[in-house]
Amino acid sequence: MSKYDPRAIEKKWQKIWEESGAYKTKADSSKPKYYVLDMFPYPSGAGLHVGHPKGYIASDIYARKRRMEGYAVLHPMGWDAFGLPAENYAIKTGTPPQKTTDESIATFKKQISNLALSYDWEYELATHAPGYYKWTQWLFLKFFERGLVYKKKALVNWDPVDQTVLANEQVLADGTAERSGAKVEKRDLEQWFFKITDYADELIEGLDKVDWPESTKINQRNWIGKSEGAEIEFTIANSDKKIKIFTTRPDTLFGATYMVLAPEHPLLADLSAHAENKADIEKYIQDATKKSDIERNAEEKEKTGVEIKGVKAINPASKEEIPIYVADYVLGGYGTGAIMAVPAHDERDFEFAKKFNLSVKEIELEDPKKITEQVGGKMVTTYRLHDWLISRQRYWGAPIPVVYDPEGKPHAVPEEHLPWLLPTDVEYLPKGTSPLGTSKELLARTEKLFGKGWKPEIDTMDTFVCSSWYYLRFADPHNQEAFASKANLERWLPVDLYVGGAEHTVLHLMYARFFTKALRDMGYLAFDEPFLKLRHQGLILAEDGRKMSKRWNNVINPDDMVERFGADALRLYEMFMGPFEQQIAWNTNGVVGTYRFLERVWDMREKLAENPLMEKLDILLQQTIDKVSSDIEAFKFNTAVSALMILSNHFSELEQVPKSAYVTFLKLLHPFAPHITHELAEQLTLKREEWEVWPVADASKLTTATAKINIYVDGIFRVIAEVDSRTPKEEVIAVAKNAAQRWLAGREIVEHKTVYVPGKVVSFVLYSPSTSILPQP
RNA sequence: GCCGGAGUGGCGGAAUGGCAGACGCGCACGACUCAAAAUCGUGUCUCGCAAGGGGUGAGGGUUCGAGUCCCUCCUCCGGCACCA
């Protein structure tokens with residue numbers, strides 16, 4: 001009797017699968033399609049830890065089940081390859097990002113291959129490949145043609161030491177730059193935007209159609225932040241200037257006793273020119289705009305502000321003159337950047353009014369619509385969502401395919417020049433402008449194609465642009481004529497199951513939905529939502545309960561686990577350790593548990609027999625089929641594995657295991673542990689069609705012939721009686737009465753309160769003078 | 001502050017309103033062994049010799065029956081955070 005040897009088995013089968021093309025995507029249009037997608041990873045130099053593959057294992061189990069059910073399954077993997085870590089590494093060492101990225105991809109791919117994830121590697125893609133970003137740029141041009149891309153000035157984080165723009169992620173909570181330690185400032189720069197706000201309403205409504213975690217839907221709705229209210233103009237005394245405010249409470253207009261403008265408000269320069277305290281105002285504005293958003297939030301919520309002295313606004317309802325303030329508790333980026341302050345009805349306004357000794361006016365509420373009309377305002381809808389800023393003053397991204405004529409007017413690079421290649425002759429070290437500005441080749445290329453005095457755009461695109469359409473490219477990743485052919489898009493899209501981290505509840509998932517809707521409106525797609533079913537995996541923490549990190553020296557490498565216990569035991573453990581979406585600490589002893597389970601499954605082949613199924617075993621078998629099937633669908637992998645263990649434990653108790661039951665068990669185990677099940681199927685000389693087929697439970701056998709009746713007396717569970725399932729009600733109650741005699745003796749049953757739940761419960765309620773459950777007769 | 005989610009053995013966790021603690025880990029004892037490991041077996045919420053009682057963060061409620069539903073509160077985790 002040979003011992004279970006995962007190393008030998010797994011190596012053998014991985015080789016067979018690779019050579020036979022076992023997981024090639026079948027174009028077979030006679031089969032229904034199913035598209036299972038993982039959020040593609042950023043290939044970092046550190047490699048994988050055991051937490052990374054958790055989602056991949058789950059989606060793989062799902063994909064394997066679908067194949068066994070007769071679907072044509074698309075299950076691809078790729079690389080979100082552009083991004084900051086590779087660039088920062090280049091800055092530090094001078095190694096080109098192309099090189100480090102390709103090395104990281106090779107490492108990731110090798111680690112993933114050890115786990116028998118059934119990807120079709122012919123569908124592999126990477127966003128940094130010119131063959132891919134050509135189409136990212138092409139899509140940019142389509143969005144540009146349609147007016148969904150525009151350029152405008154925006155405030156960005158500026159590092160005065162490194163002389164560069166920083167991403168928000170590179171600014172620490174105290175407002176200093178992560179790299180240089182300099183105090184980050186805000187600068188007004190020309191930036192490219194995607195007009196995602198055009199789709200704000202549809203992005204909210206579409207959420208009702210998809211099977212996503214409720215919390216993710218709520219997060220997206222909150223992020224979009226739709227809010228109904230009114231825009232009302234306040235005139236300025238002795239001036240023809242007006243200030244427009246947004247409010248959700250026009251009914252409180254009479255109570256507006258002062259106004260507040262955000263420090264970024266465009267009218268401020270004008271107003272302060274007439275103010276008595278011009279210098280104070282300018283100083284306040286300067287201090288406030290210098291602070292990063294993060295810093296503005298990190299500060300205690302103590303209100304600050306300055307009055308614009310000598311300038312008054314007129315409340316359009318009460319006609320009273322009211323003071324105007326600048327204060328940073330009003331945000332420039334929301335509504336109109338100005339508010340009417342109603343301290344009687346708003347906590348923040350009240351706090352401010354208290355600090356600056358402003359009057360608080362109690363008022364009667366008006367009808368919102370009527371008062372808005374009366375003062376010449378209008379009802380409007382405002383969103384917290386802003387247009388998507390996609391310019392990055394960075395090297396390692398897809399170049400924005402735009403050139404400027406000698407007058408500085410932007411022009412789209414014509415399609416025939418795509419891919420608009422990322423130059424390689426650049427200085428990575430930030431010098432105050434985007435690294436692409438240091439490329440002689442890019443400038444020469446631009447002048448050669450467009451003429452003397454033309455200049456290239458030197459910003460690159462946010463990497464989220466690249467990942468907003470990769471799920472479309474997977475339908476047809478090698479197409480040179482289009483981002484994907486119509487036929488392939490129709491065949492595979494939308495994604496039926498999408499698995500990935502909960503950290504992407506807002507950005508990536510919303511950008512991708514925006515792309516889908518915009519491309520639908522351009523006629524390229526025929527569906528509204530890209531991801532029909534979405535699930536998030538929970539983090540795997542280290543054994544010490546902290547996040548796995550080199551810093552804590554607590555990282556568990558999946559390669560080591562595969563070496564010790566095999567990929568099958570690792571896969572099983574990651575699914576068994578707890579609810580899929582929950583964050584759980586790693587425990588290597590748990591892998592020992594699933595390894596032992598597989599050992600027992602292995603040893604069982606020695607006691608197979610062509611016996612018929614006993615009724616008890618048959619029922620358990622059918623129940624296991626039913627449970628494992630529905631649990632996989634519901635992403636309750638932990639209880640699915642548990643059900644498999646229960647069946648296997650039952651096999652262990654038997655002298656001989658009926659072969660047919662064992663084969664069914666192998667089918668159910670197969671998506672979880674593909675190597676051992678293939679090996680055992682081969683040893684049993686099973687043909688593909690005999691076992692690589694998902695079993696269906698025989699519903700008629702799911703219920704037992706005898707029912708266990710729980711008997712309650714006075715609300716307390718007492719005893720179980722077994723009866724034939726078909727026994728009529730009166731007879732069951734009679735049996736129950738008999739079984740519970742001990743607790744019923746000498747007491748009177750309230751007959752009409754005897755509860756009978758078929759097949760489950762008989763509950764006797766007693767007359768009881770002491771507790772008076774019911775009124776005495 | 002607001003919006004989600006969750007509190008169950010020594011640990012991870014299980015439980016369509018119907019036997020709380022499935023399954024796994026750990027631990028204890030036993031078998032095998034010169035011995036250990038591995039493996040197998042038995043036990044493992046708590047009080048009690050037992051019959052029986054108590055027990056799912058706290059308190060109340062609904063119900064024949066509550067871990068599960070409702071109310072109040074506490075704690076933890078995640079997200080948003082002066083959004084007018």
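Chain A is the first sequence line, chain B the second, and so forth, proteins listed ahead of strands; every chain is numbered from 1.
- Of the candidate nucleotides B/C80, B/G18, B/A15, B/A15 has the atom lying nearest to any side-chain atom of A/K636.
- Across all strands shown, B/A35 forms no Watson-Crick or G-U wobble pair with both distances under 3.5 Å.
- When heavy atoms are screened at a 4.0 angstrom cut-off, A/G335 is found touching no nucleic acid atom at all.
- Residues A/Y712 and A/F764 keep their aromatic ring centres 6.0 Å or farther apart.
- Under the Watson-Crick or G-U wobble criterion, with both distances below 3.5 Å, B/G78 is paired with B/C3.
- A/R221 comes within contact range of no nucleotide atom at all, as no heavy-atom separation falls under 4.0 Å.
- Checked against B/A84, B/G18, B/C80, the side chain of A/T247 finds its nearest nucleotide in B/A84.
- The shortest distance between the side-chain N/O atoms of A/R596 and the OP1/OP2 oxygens of B/C40 is not below 4.0 Å.
- A donor-acceptor pair shorter than 3.5 Å cannot be found between the side chains of A/Y595 and A/D568.
- Nearest-nucleotide mapping onto RNA chain B: of A/T505 and A/D346, the residue sitting toward the 5' end is A/T505.
- Aromatic pair A/Y511/A/W388: centroids less than 6.0 angstrom apart.
- Look at CH2 on A/W743: it is 10 Å from C1' on B/A51, rounded to the nearest Å.
- Here A/F576 and A/F672 keep their ring centres 6.0 angstrom or further from each other.
- Across B/A84, B/G4, B/C80, the shortest atom-to-atom separation from the side chain of A/S227 is found for B/A84.
- Two residues are said to be in side-chain contact when any heavy atoms from C-beta on lie closer than 4.5 Å; A/H650 and A/L617 meet this criterion.
- A heavy-atom distance below 4.0 Å to RNA chain B is reached by these residues of residues 576-589 of chain A, ordered by number: A/F576, A/M577, A/P579, A/Q582, A/I584, A/N587, A/N589.
- The distance from atom CD of A/Q623 to atom P of B/A15 is 15 Å, rounded to the nearest whole Å.
- For the OP1/OP2 pair of B/G53 and a distance below 4.0 Å, the side-chain nitrogens and oxygens of A/R718 include at least one atom meeting the criterion.
- Across all strands shown, B/C19 has no partner, as no Watson-Crick or G-U wobble contact with both distances under 3.5 Å is found.
- A 4.5 Å side-chain heavy-atom check between A/T588 and A/F565 finds at least one atom pair inside the cut-off.
- Nucleic acid contact class of A/N649 (heavy atoms, under 4.0 Å, all strands): sugar-phosphate only.
- The A/S215 side chain lies nearest to B/G4 when the options are B/A15, B/A84, B/G4.
- Rounded to a whole Å, the CD1 atom of A/I646 is 6 Å from the C1' atom of B/C23.
- Geometrically, A/K226 does not engage A/Y383 in a cation-pi contact, judged by NZ or CZ lying under 6.0 Å from the ring centre and within 45° of the ring axis.
- In this structure, A/Y329 atom OH and B/A81 atom C1' are separated by 17 Å, rounded to whole Å.
- The nearest whole Å value for the distance from the NZ atom in A/K607 to the P atom in B/C40 is 11 Å.
- Look at B/G9: its glycosidic torsion is within 90° of 0, and that puts it in the syn range.
- When heavy atoms are screened at a 4.0 angstrom cut-off, A/I339 is found touching base atoms of the nucleic acid.
- As judged by a 4.0 angstrom heavy-atom cut-off over every strand, A/T754 is placed among residues making no nucleic acid contact.
- Rounded to whole Å, atom C1' of B/C80 lies 13 Å from atom CG of A/L507.
- Shown here, B/G24 forms a base pair with B/C11; the pair counts as Watson-Crick or G-U wobble because both key distances fall under 3.5 Å.
- A/T216 and A/H536 are linked by a side-chain donor-acceptor pair at a separation below 3.5 angstrom, with hydrogens and angles left out of the test.
- Side-chain contact between A/I322 and A/M259 is present, with at least one heavy-atom pair separated by less than 4.5 Å.
- A/G593 comes within 4.0 angstrom of sugar-phosphate atoms only, judged by non-hydrogen atoms across all strands, and of no base.
- Salt-bridge annotation for A/D211 and A/R535: present, with a side-chain N of the basic residue lying under 4.0 Å from a carboxylate O of the acidic one.
- In this model, the phosphate group of B/G12 is not approached by any side-chain N or O of A/N638 to a distance below 4.0 Å at OP1 or OP2.
- Nucleotide B/A51 is matched to nothing when pairs are restricted to Watson-Crick or G-U wobble geometry with both distances under 3.5 angstrom.
- Base pairing of B/G67 is not made with any nucleotide, judged by Watson-Crick or G-U wobble geometry with both donor-acceptor distances under 3.5 Å.
- A/Q220 has its CD atom 21 Å from the P atom of B/G78, to the nearest Å.
- Rounded to whole Å, the distance from CG on A/L620 to C1' on B/A22 is 13 Å.
- Considering only the side chain of A/V761, B/G18 comes nearest among B/C64, B/G18, B/C82.
- B/U39 and B/U33 are spaced 12 Å apart, taking the C1' atom of each and rounding to whole Å.
- The side chain of A/S642 contributes no N or O atom lying less than 4.0 Å from OP1 or OP2 of B/G13.
- On a pure distance criterion of 3.5 Å, a polar donor-acceptor pair joins the side chain of A/S763 and the base of B/C64.
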